[in-house]
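Handing you this structure, nothing more for now.
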Amino acid sequence: MATGYLYHELFGWHDTGTNAGLFPADHRMGIQPFQHFENAETKRRMHELVVVSGVIDRLTRLEPRKATDEEILAVHTPEHLARIQAGSDQPKGGDSGDGLSPFGPGGIEIGRLAAGGMIEATTAVVEGRVDNAYALIRPPGHHAEPDLGRGFCMFANLAIAAQAVRRTHGVERIAVLDWDVHHGNGTQKVFWNDPHTLTISLHQDRVFPPDSGLVDERGEGAGFGYALNVPLPPGTGRGGYLSAFDRVVAPAIERFRPDLILVASGFDANAADPLSRQGLTSSTYRDLTQRLLDLAATHCDGRLAMSHEGGYNPVYVPFCGLAVIEALAGVTEPLTDPYEPIFGGMAGLELQPHQTSVIDQVVPFLDDIH
Ligand SMILES: O=C(CCC1CCCC1)NO
Ligand SMILES: [Zn+2]
């Protein structure tokens, strides 16, 4: 099993400042400066665990490149690209659009590298140079809409990669699973009218964007039925996620028969994340990945590529991310996650009736996938 792995030190230099990602320091309000939730540390620590664990030796190292204007404009508006460029030209940088997504001077170049990194990882999979791939990129992308960067995202990295391989390699049917704890609104919006791209988002109900990711968001026009949303209640753990996968994700992908599976891979559904209230541990991420590998093997010669998104606990995200990469690479003796007994041992992480009632609402929608 050849697994591609893409990371670059420049991803750690994407500068998100000290407003903690939400509010600028202001002593009059008691708000102290603190590094942005979306900071280099968590992703750098995940990379370092991939290296120190030795798993890096099992991977095929891929190199990012900068996405071109043409590749970015296949998804984004010229105005959005111009806004990012204008901010990047400022002495202190700018913001991707919503005021929560800052970047430093020259920041567009790192944004291009993130989007281009996912293009390279996805292309390597489509060309068969690797069986599957993980792009540990930054800034994240799944909230970025065609005309607006938001939720810490600058460019819609995964969507840009999907459109790029469509153009260069004629890939037709692409299934996207977003298991970041926040709704994949950007990816959904890009493909809202597109029956050739199935977007499935498993997320905490109305956590972010607060008015987004409801079960009745199903796509429009020819794309109706090709957007699926499973807004899981706060506190959902292993049982709810595996049930959502087995009852919604797997049958949807089986009906859709993709040529390629992409994952917006955020780890902020982990049980110790500051920006959500779910209860996942590394073993569930590993099991979700194995399930995807089985589906990819059955439907699209194993073609599976993952784009890193959120995840904000610098101690635990590395273990969750490593578990995914170990599964992709077919590691048979994975590193023990020391936190699994603590975080996975909490009460109530098995499937709950109120979680089943959400999943039950989505299952009938599978009939609209052809
Ligand atoms: O991880 C994220 C960012 C979520 C934050 C954006 C503003 C408040 C919550 N999205 O996947
Ligand atoms: Zn997130």
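Whatever order the structure lists ligands and atoms in, that order sets their numbers, starting from 1.
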- Task: Using a 4.0 Å heavy-atom cut-off, say whether V181 meets ligand 1 through its side chain, its backbone, both or neither.
- Result: neither
- Enclosure of R167 CZ (heavy-atom neighbours >12, cutoff 6.0 Å): yes
- D268: its N/O/S atom lying closest to the Zn ion (ligand 2) (atom name):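 Going by distance to the Zn ion (ligand 2), the closest N, O or S atom in D268 is OD2.
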- Considering only heavy atoms of F152, which atoms of ligand 1 have at least one such atom less than 4.0 Å away?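 Checking each atom against F152, I get 3 (C), 5 (C), 6 (C).
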- Nearest-contact summary for atom 10 (N) of ligand 1 - protein heavy atom, Å: H143 NE2, 2.6 Å
- What part of E309, side chain from CB on, backbone N/CA/C/O, both or neither, has a heavy atom under 4.0 Å from ligand 1? neither
- Task: Can you tell me which residue pairs pass the ring-ring contact (aromatic ring centres under 6.0 Å, His included) test with a partner in residues 186-207, sequence neighbours excluded?
- Result: H183-H203
- Query: In terms of residue, atom name and distance, what is the protein heavy atom nearest to atom 1 (O) of ligand 1?
  - Reply: Y312 OH, 2.4 Å
- Query: Is it true that atom CD of E9 has more than 12 heavy atoms of other residues, nucleotides or ligands lying nearer than 6.0 Å?
  - Reply: yes
- Just which atoms of ligand 1 are under 4.0 Å from any heavy atom in H182?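 It comes down to these atoms of ligand 1: 1 (O), 2 (C), 4 (C), 10 (N), 11 (O).
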Pair up each side-chain donor or acceptor in residues 57-64 with any protein partner under 3.5 Å, not counting sequence neighbours, and list the distances.
| residue | atom | partner | partner atom | Å |
| --- | --- | --- | --- | --- |
| R61 | NH2 | Y7 | O | 3.2 |

- Query: For F256, is the NZ or CZ atom of R173 found under 6.0 angstrom from the centre of its six-membered ring and inside 45 degrees of the ring axis?
  - Reply: yes
- Item | Any G151 heavy atom less than 4.0 Å to ligand 1 | yes
- Distance-minimising heavy-atom pair for P338 and F319: CD-CE2, 3.4 Å
- Task: Assess the pair Y5 and H47: is the distance between their ring centroids shorter than 6.0 Å?
- Result: yes
- If you measure from each non-hydrogen atom of F37 to ligand 1, which part falls under 4.0 Å: side chain, backbone, both or neither? neither
- ligand 1 to H142, heavy atom cutoff 4.0 Å, flagged ligand atoms 10 (N), 11 (O)
- Task: Taking atom CZ of F23 as the centre, report whether more than 12 heavy atoms of other residues, nucleotides or ligands fall under 6.0 Å from it.
- Result: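 No, the 6.0 Å shell around CZ holds no more than 12 heavy atoms from other groups.
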- Query: How open is the angle at the Zn ion (ligand 2) from atom ND1 of H182 over to atom OD2 of D180, rounded to 10 degrees?
  - Reply: 150°
